[in-house]
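What follows is a single structure, written as structure tokens, with notes after it.
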Amino acid sequence: MDWVSHAQAELRGAGYRPGAAARLVLEHLDREDCCRGAQEIFDALSTGGTKVGLASVYRMLERLDERGLVQRIDLGDGIVRYEAARDAGHHHHLVCGACGKVEPFADRRLERAIEAVEERSGYSVVAHDVVLRGACANCRD
Ligand SMILES: [Zn+2]
Ligand SMILES: [Zn+2]
Ligand SMILES: [Zn+2]
């Protein structure tokens, strides 16, 4: 089952009735390769000619977060971002403190190193975040 259908089924199971607006937010998140903030999603949907209220976008993201359907990403800049929670496409983030750009990166060796830490620690780890902060190639000098 694709992520959009899965998320809609989960929302229905939780007693919500995901309508057209919910579907648009889900489809938008599904298309994006990385995290987006509520305002950013709202702007993108509005530009595409869709009438979805900003409050609805916020509410929708909160519901998805409650059900573990999105990953909530806090990069420390005051904007809460979300991305579709899927096993495929697991990645981390590079953040430019100068222009605010957020870029995804994935690294198998980093994942293996984190798994090794989990084994040594004796913890049952359910999630991890890695954020690299600094200045992007355009902003660095
Ligand atoms: Zn991301
Ligand atoms: Zn930058
Ligand atoms: Zn990872």
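Treat the numbers as computed from the prediction; the structure is a model and nothing was measured. In each ligand, atom 1 is the first atom listed, and ligand 1 is the first ligand listed. Quick note: numbers below take in every heavy atom, side chains included, and nothing from hydrogens, waters or symmetry partners.
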Margin query: Tell me whether the rings of His92 and His128 are parallel (<30°), tilted (30 to 60°) or perpendicular (>60°).
Written below: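 Tilted.
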Next item on the list: If you have a sec, read the angle at the Zn ion (ligand 2) from Cys136 atom SG over to Cys139 atom SG, to 10 degrees.
Entry: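 If I round to 10°, I get 100°.
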Next item on the list: Check whether NZ of the Lys or CZ of the Arg Arg36 lies under 6.0 Å from the centre of the six-membered ring of Tyr82 and within 45 degrees of that ring's axis.
Entry: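 Here Arg36 fails the 6.0 Å and 45° test against Tyr82.
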Item checked: Chi angles and distances behind the side chain to side chain contact (heavy atoms under 4.5 Å, CB included) call for Leu64, Leu26 -> CA-CA 9 Å; Leu64 293 171; Leu26 289 171; 3.7 Å; yes
Next item on the list: Just to the nearest 10 degrees, tell me the angle at the Zn ion (ligand 3) spanned by His90 NE2 and Glu111 OE1.
Entry: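 Output for this angle: 90°, rounded to tens.
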With a 4.5 Å cut-off on side-chain heavy atoms, are [Y] and [X] touching?
X	Y	value
Ile41	Leu61	yes
Val52	Val57	yes
Ile73	Asp129	no

Notebook entry, point to check: Is the closest side-chain donor-acceptor distance between Ser5 and Asp2 under 3.5 Å?
Noted result: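 Distance-only check passes for Ser5 and Asp2.
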Item checked: the Zn ion (ligand 1) neighbourhood, protein N/O/S only, threshold under 2.8 Å ->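 Listed by chain and number, the atoms are Cys34 SG, Glu83 OE1, His91 NE2, His93 NE2.
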